[in-house]
Amino acid sequence: MKKVLLAAVFLAGFSFSYAQEAKGKNTDPKEDKDLMTWYHKDFSATKVYGVNTENAYKYLESKGLKPKTVVVGVLDSGVQVDHPGLVKNIWSNPNEVPGNGKDDDGNGYIDDVHGWNFIGGKNGDVDIDNMEVTRVVAKYQSVFEGDDSVKNKANQAKMPEEFAMYMKAKELFNKKSMEAKQNFKTYSMINELVPNMVKLLGGKSVTSQNISAIKAPTDQKDAIALNILAQVSQSPEFQGKSSEEFEKAIKEQMKEAIDYYAPQAKQYDLSYDTRKEIVGDNYDNYSEKNYGNNHYEGPDAEHGTHVAGIIAGLPQGKEVQYGVASKVAKIMSVRTVPNGDERDKDVANAIRYAVDNGAKILNMSFGKPVSPGKNVVWDAFKYAEDKGVLLVKAAGNENEDVAEHLAFPTNFKNATDEKPFVSNVLVVGASTNKNNALRADFSNYNKKMVNVFAPGEEIYSTVPKNEYKYLQGTSMASPVVAGGAAILLAYMPELKPYQIIEALVKSSNSNTENGFADYSQAGGVIDLKKAAEYAYTNFYNGKTSNSTGKASKRMTNEVKSVKKAVKK
């Protein structure tokens with residue numbers, strides 16, 4: 001799911017929305033300390049749907065509980081492990097001697113001091129990789145739509161599941177590759193017109209009055225630039241900005257957009273294969289696991305570093321940002337996601353690596369519409385379940401019902417299944433700080449297949465080069481929940497994954513506006529203090545009341561039925 005949401009602009013008739021900075025705020029978001037930490041707020045006190053972080057700690061400590069450190073695996077694009085806001089909360093492998101070139105702990109990975117990188121090798125690190133639909137089309141095009149029509153039909157009949165996946169991938173490939181080309185062309189054009197826009201402003205600020213006073217240009221480029229300016233003047237991100245401020249802001253947005261769309265020329269190139277040269281593994285051999293390197297950061301760790309900060313960031317210098325589980329969690333970096341789609345083999349190996357090396361919670365802020373190796377990933381899900389490890393997964397950013405548009409990896413083998421096939425996966429949608437529009441307009445949803453919602457818009461956190469940034473996405477909501485789960489597990493280490501899930505679902509702050517109650521099982525946004533109360537009352541040291549005991553027993557029976565179904 002890396003970079004699915006632009007931290008820049010979207011274009012709809014030249015209408016802009018700057019996702020990375022606060023929309024409609026009078027205070028500069030880079031100076032707004034309240035905005036920087038809004039997702040920690042207590043809803044009961046502020047009526048803002050934060051997750052009530054501090055009161056969760058206070059409640060658990062009031063019960064005399066002492067926390068144990070929880071290792072959270074961040075399966076992502078990489079993490080800047082020496083970031084000042086993270087360095088004190090980075091996991092270190094106690095059985096590995098740094099830099100000696102040996103596999104001291106015998107786990108098959110040399111010098112894996114802070115984690116591992118499954119998308120690197122002796123020849124460097126993968127940056128841009130294909131989208132999964134590209135890989136599927138490249139692999140099966142000659143099989144199902146080759147020169148021999150008779151053979152094509154025979155293959156289609158012999159491999160119906162693969163053919164169905166190919167047809168879905170082909171449809172998406174054709175659509176998305178065309179959109180990528182068009183968007184790159186559009187943003188490049190706008191970027192080229194920035195000097196024209198600045199010239200038309202003539203040193204004046206961006207207001208509707210100033211722009212309407214500009215005489216209609218005779219030059220075609222100036223005419224287009226004026227059209228853009230007219231639209232921009234309606235946007236809170238640009239209203240009232242000076243000519244200099246406008247130029248800086250729009251250049252930043254265009255760079256974000258171009259940097260996003262430019263790599264897609266490779267992501268949708270059927271012949272592009274950087275993995276073979278860099279990683280050097282036999283990708284089709286799903287049993288292969290000892291490949292990669294210990295480059296925890298990789299070439300583009302913005303996404304993973306941001307996720308890590310949401311979970312366990314610590315304030316440093318003048319920064320007020322802190323992660324939800326900053327007091328109790330350590331981050332294990334498992335680099336899995338390139339600038340493109342993650343590969344199933346890497347996801348499965350990353351899960352197993354993190355589990356085997358002590359992570360009790362894994363954050364997975366990624367997803368894709370097709371998954372050729374889904375069974376291998378599902379096996380890894382089951383492995384994590386057997387080891388008592390919670391998997392927290394982003395729901396996806398396509399504004400879709402995930403029952404109609406699956407976002408792999410899933411914990412439902414089929415959307416029609418009544419229950420997930422494992423009990424340790426928690427799927428998270430993204431909420432906002434606007435009560436009348438609580439579901440972020442990009443967030444996926446479903447009453448059955450999405451468990452909870454958590455803050456995922458205007459989230460301030462760590463990024464590479466020792467910096468901080470606002471990003472948005474279910475990629476940001478997922479680590480909020482992973483951090484919350486880490487708090488519960490730190491103070492109550494015997495909690496099972498399904499108990500943590502139940503506590504978060506049952507205690508969420510509900511909201512019924514605009515159908516929000518139907519977007520997830522919880523019908524609301526998580527509240528960590530209430531979740532701590534629920535878990536302590538229901539599960540800690542076997543304590544149960546009559547009413548809550550029924551909930552616990554029901555969930556236990558559901559887990560038993562799931563395990564029974566899996567055995568079949």
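Hydrogens, waters and symmetry mates are skipped; everything else that's a heavy atom, side chains included, is used.
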Please determine if K447 and D401 form a salt bridge, counting it only when a charged side-chain N lies under 4.0 Å from a carboxylate O.
-> no
What are the two closest non-hydrogen atoms of V74 and I331, and how far apart are they?
-> CG2-CG2, 3.7 Å
Identify the two heavy atoms, one from P84 and one from N466, that lie closest to each other, and give their separation to 0.1 Å.
-> CD-OD1, 3.1 Å
N/O donor-acceptor pairs under 3.5 Å from side chains in residues 476-491, not counting sequence neighbours:
{"from": "S478", "atom 1": "OG", "to": "N363", "atom 2": "OD1", "distance (Å)": "2.7"}
{"from": "S478", "atom 1": "OG", "to": "V392", "atom 2": "O", "distance (Å)": "3.4"}
{"from": "Y491", "atom 1": "OH", "to": "E61", "atom 2": "OE2", "distance (Å)": "3.0"}

Under 4.0 Å between a Lys/Arg side-chain N and an Asp/Glu carboxylate O for D34 and K41?
-> yes
Nearest non-hydrogen partners of V450 and G429, listed with the distance = CG1-N, 3.8 Å
Do Y519 and Y445 have ring centres separated by under 6.0 Å?
-> yes
Taking every non-hydrogen atom, the tightest pair across Y39 and I310 | OH-CA, 4.2 Å
Are side-chain N/O atoms of H303 and D76 paired as donor and acceptor at under 3.5 Å?
-> yes
Quick one: does S77's side chain have a donor or acceptor within less than 3.5 Å of a partner on V337's backbone?
-> no
Would you mind checking if K327 and E54 are paired as a salt bridge, meaning a charged N to carboxylate O distance below 4.0 Å?
-> yes
Under 3.5 Å, is there a donor-acceptor pair between the N511 and Y49 side chains?
-> yes
N514 side chain to F516 main-chain N or O, any donor-acceptor pair under 3.5 Å?
-> no
Going by atom types only, do N349 and D346 share a side-chain donor-acceptor pair under 3.5 Å?
-> no
The residue among H306, K33, E319, K469 that forms side chain to side chain donor-acceptor pair (under 3.5 Å) with Y460 is E319
Which atoms form the tightest heavy-atom contact between P263 and I128, and what is the distance?
-> CB-CD1, 3.5 Å
Answer yes if the side chains of H295 and D125 hold a donor-acceptor pair under 3.5 Å, and no otherwise.
-> yes
Is any side-chain heavy atom of Q321 less than 4.5 Å from a side-chain heavy atom of T462?
-> yes
Heavy-atom closest contact (V525 atom, A454 atom, distance) = CG1-CA, 4.1 Å
Set of residues satisfying side chain to side chain contact (heavy atoms under 4.5 Å, CB included) with respect to D82, sequence neighbours excluded = Q80
Mind checking the NZ-CD1 spacing from K360 to I500? Nearest 0.5 Å is all I need.
-> 9.5 Å
Can you establish whether the number of heavy atoms outside K251 located under 6.0 Å from its atom NZ is more than 12?
-> no
Backbone N/O of Y296 and side chain of S333: donor-acceptor pair under 3.5 Å | yes
Which residues share a salt bridge (Lys or Arg N to Asp or Glu O under 4.0 Å) with D129, sequence neighbours left out = R135, R343
Any sub-3.5 Å donor-acceptor pair from Q234's side-chain atoms to Q231's backbone N or O?
-> no
Has K496 got more than 12 heavy atoms of other residues, nucleotides or ligands less than 6.0 Å from its NZ?
-> no
